[in-house]
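Each remark here refers to the structure printed beneath this line.
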Amino acid sequence: MSAEKRAKIGQIALLGMTVSAVFGLKNVINNNVAIGLSAAPAFFLATILYFVPFTLVIAEFVALNKDSESGVYAWVNTSMGGRWAFLTAFCYWFVNLFFFASVLPNVIIYASYVFFGENREVSQLWITVAEIVIFAIATWVSTKGAKWIGSITSFGAMAALGLTAVFIVLSVAALAGGVEPATAVTPATLSPDFSTFATTWAFLGTLAWIIQGVGGAESVGVFLNDLKGGVKAFVRVIVIAGLVIGLLYAAASLVMNVFVPVGELDLSTGIFVAMGAVAEWIGIPMAVSTRIVGLILLAATLGSLMMWTSAPVKVFFSEIPEGIFGGKITELNDQGIPARAAWLQFAIVVPILIIPALGAGNVNDLLQIVINMTAATALLPPLLILLAYFMLRKRFDKAERMFRMGSRGFGLAVASFLLVIFAFVFIAGTIPLGQPLWLTLVYNVGGVVVFIGAAMLWYERYIKRLRQSDPEAAERELRPSAMDMIGA
């Protein structure tokens with residue numbers, strides 16, 4: 001469809017889509033459990049120093065590839081060629097595998113609150129079995145084309161935003177009404193603990209959670225060409241969205257401990273304890289508020305689970321060049337879903353669900369393990385995109401595009417700064433202190449090495465075969481597309 005005929009969205013619509021896609025109340029709880037009130041300034045700084053510039057990087061790639069679908073493969077292919085583009089596309093799918101391991105335990109917890117009003121304790125064996133059954137059902141539904149999932153996702157996302165707004169407003173009202181905060185907001189409570197190597201390393205690892213929490217720029221960057229007002233409007237909206245998201249995270253983090261002291265929330269039930277305490281202040285019984293919160297979060301999580309069970313599979317297996325995988329795996333069913341690839345994904349996720357359960361004493365330990373791994377692996381695609389952006393500004397800055405993030409020197413400086421920060425945070429998130437060494441080596445390090453190593457071997461197999469059958473096609477595949485743009 002041409003740009004002239006394509007339906008356009010307004011700036012308010014893009015703002016709402018961005019905030020809904022990126023903001024997650026559970027991220028506030030996770031980081032409050034890890035680093036207390038210091039999560040508030042950390043969230044806001046992450047938004048200013050990461051989300052806004054990274055989104056502008058995406059805007060520049062989209063502007064450069066305005067005639068393509070502008071997925072991650074096209075972006076990275078611009079300056080680094082097909083090999084790195086394939087790796088980046090693979091990493092987006094790969095990250096999603098660990099996302100399932102972090103979201104499925106929450107489905108069980110939220111359902112427990114809806115039906116029982118509390119988190120019923122069950123063994124790790126039954127949690128794992130339930131996760132596998134739920135994911136099998138989600139995979140089956142996703143291959144059938146579940147159009148109704150969109151309405152559930154929208155309801156859950158907007159309800160969660162509303163819940164956050166109510167929580168912030170009521171907490172501020174309580175403070176204005178004379179309620180003494182359980183943990184006071186002071187410079188000391190807002191400052192990270194850098195007194196020892198262990199606490200410093202733990203904070204760096206938690207930054208991976210925070211960066212993941214403000215992530216999602218790649219999901220809205222593709223709407224640049226669909227926005228009324230074009231590039232200028234997109235940049236304006238995305239900066240405003242970044243500030244709104246940062247303020248929401250920071251404000252929710254600041255008031256998270258008005259009724260509940262720092263250290264008394266946990267990963268599995270913290271959101272219900274915090275929300276329940278606010279609800280009790282206005283006279284709503286905990287038994288009622290926990291069921292309402294559970295229903296909202298369950299709807300949002302189920303919608304997210306269904307969507308991410310099918311979307312990354314379809315994007316990854318349809319975006320990469322033909323011939324890398326067999327025709328049977330990439331074949332679409334009558335609903336436009338690569339069903340065999342979806343079930344292959346299911347088979348890969350099952351051991352990812354089982355391994356962390358072996359090293360977890362309870363559901364909080366399980367969530368700690370999988371959140372660490374999900375946050376760390378989630379940094380891989382942005383790392384590769386930033387590396388591609390660095391190479392774009394260094395080698396192909398002459399390529400024409402509608403938008404540039406400042407001068408060549410400024411773009412290189414921003415990319416270099418973010419790459420250094422990401423490298424430190426990725427290492428700290430991948431190797432957390434206090435986790436059993438065998439689990440770190442097998443799950444955190446081993447998972448990355450095995451999956452990415454296997455992907456690259458598979459790609460090299462494809463290139464070798466392509467060179468034998470069509471050397472010119474192999475050269476085009478490996479050649480950065482920006483070379484054609486500048487006539488090199």
Side-chain angles (χ1 to χ4, degrees), residues 53-95 215 217-218 221-222 224 315-324 377-401 403-405 408-423 426 448-449 451-464 466-467 471-488:
F54 184 70
T55 306
L56 296 180
V57 167
I58 297 303
E60 190 164 346
F61 271 128
V62 174
L64 191 62
N65 294 275
K66 60 183 182 298
D67 296 325
S68 75
E69 291 299 319
S70 294
V72 295
Y73 188 94
W75 301 339
V76 176
N77 187 49
T78 302
S79 61
M80 297 173 65
R83 179 179 285 108
W84 288 94
F86 168 79
L87 180 60
T88 306
F90 173 82
C91 282
Y92 261 107
W93 176 65
F94 166 73
V95 165
E218 70 286 342
V222 297
L224 172 62
V315 170
F316 174 61
F317 286 95
S318 63
E319 185 178 45
I320 59 176
E322 285 186 45
I324 291 183
T377 56
L379 300 183
L380 284 172
L383 268 172
L384 293 170
I385 290 174
L386 287 171
L387 182 60
Y389 182 72
F390 180 88
M391 297 305 296
L392 172 68
R393 300 310 298 263
K394 182 179 180 180
R395 297 180 56 195
F396 308 109
D397 201 46
K398 293 180 180 179
E400 291 295 327
R401 52 222 190 249
F403 168 72
R404 295 171 188 263
M405 186 173 60
R408 178 176 181 270
F410 180 77
L412 287 172
V414 170
S416 299
F417 170 76
L418 291 176
L419 282 169
V420 170
I421 297 298
F422 267 52
F426 175 73
V448 173
V449 172
F451 280 105
I452 293 183
M456 293 312 296
L457 288 174
W458 198 269
Y459 183 82
E460 293 304 324
R461 171 177 172 268
Y462 159 72
I463 288 294
K464 183 179 179 180
L466 189 60
R467 281 192 176 121
E472 291 184 2
E475 180 63 26
R476 288 195 302 271
E477 166 66 16
L478 297 174
R479 176 186 173 92
S481 61
M483 295 183 70
D484 298 321
M485 298 177 185
I486 63 176

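Bear in mind the structure is a predicted one, so any value in this text is a computation, not a measurement.
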Review point. With side chains defined as the heavy atoms from C-beta onward, is the minimum distance between Leu64 and Glu400 less than 4.5 Å?
Key: no

Point to revise | Validation row: Tyr459, Leu87 side chains within 4.5 angstrom (heavy atoms) | key: no

Practice item. Please answer whether the main-chain N or O of Asn77 pairs with a side-chain N or O of Trp84 as donor and acceptor at a distance below 3.5 Å. Key: no

Check your understanding: Going through the checks in order, is the side-chain contact (heavy atoms from CB on, under 4.5 Å) test met by Glu60 and Arg401?
Key -> CA-CA 7 Å; Glu60 190 164 346; Arg401 52 222 190 249; 2.8 Å; yes

Check your understanding: If every non-hydrogen atom of Cys91 is compared with every non-hydrogen atom of Leu384, which pair is closest and at what distance?
Key -> SG-CD1, 4.0 Å

Review point. How many angstroms lie between atom CG of Leu392 and atom CH2 of Trp75, to the nearest 0.5 angstrom?
Key: 13.5 Å

Review point. Which heavy atom in Arg393 sits nearest to a heavy atom in Arg408, and how many Å separate them?
Key: O-NE, 2.8 Å

Exercise for review: Would you check if Arg476 and Glu472 make a side-chain contact, meaning some heavy-atom pair closer than 4.5 Å?
Suggested key: yes

Point to revise | Where Met80 and Ala388 come nearest, the two heavy atoms and their spacing | key: SD-CA, 3.2 Å

Review point. What heavy-atom pair brings Phe396 and Ser79 nearest, and what distance separates the two atoms?
Key: CE1-O, 3.5 Å

Review point. Just how far is it from atom CZ of Arg461 to atom CG of Leu466, taken to the nearest 0.5 Å?
Key: 12.5 Å

Exercise for review: Could you tell me which non-hydrogen atom of Ser416 sits nearest to which non-hydrogen atom of Phe390, and how far apart they are?
Suggested key: OG-CE1, 3.3 Å

Check your understanding: Has the side chain of Thr78 got a donor or acceptor atom that lies under 3.5 Å from a matching backbone atom of Ala482?
Key -> no

Exercise for review: Describe, in one word, how the ring planes of Tyr389 and Phe61 are oriented to each other, choosing from parallel (under 30°), tilted (30 to 60°) and perpendicular (over 60°).
Suggested key: perpendicular

**Study point:** Check: Asp397 main-chain N/O paired with Arg404 side-chain donor or acceptor under 3.5 Å
**Key:** yes

Point to revise | Option from Ile385, Leu380, Leu387 for which side chain to side chain contact (heavy atoms under 4.5 Å, CB included) with Thr88 holds | key: Ile385

Exercise for review: Might you point out which heavy atoms bring Ile324 and Trp458 nearest each other, and give the distance in Å?
Suggested key: O-NE1, 2.5 Å

Exercise for review: For Asp484 and Arg479, run side-chain contact (heavy atoms from CB on, under 4.5 Å): C-alpha distance rounded to whole Å, both residues' side-chain angles, the deciding distance at 0.1 Å, then the answer.
Suggested key: CA-CA 9 Å; Asp484 298 321; Arg479 176 186 173 92; 3.1 Å; yes

Review point. For Ala474, does its backbone N or O pair with a side-chain atom of Arg467 as donor and acceptor, under 3.5 Å?
Key: no

Review point. Mind checking whether Met405 and Phe410 have side chains closer than 4.5 Å, heavy atoms only?
Key: yes

Practice item. To the nearest 0.5 angstrom, please state how far the CZ atom of Arg83 sits from the CG atom of Leu478. Key: 5.0 Å

Practice item. I would like to know whether Tyr462 and Glu477 meet side-chain contact (heavy atoms from CB on, under 4.5 Å); could you show each step before the answer? Key: CA-CA 11 Å; Tyr462 159 72; Glu477 166 66 16; 4.3 Å; yes

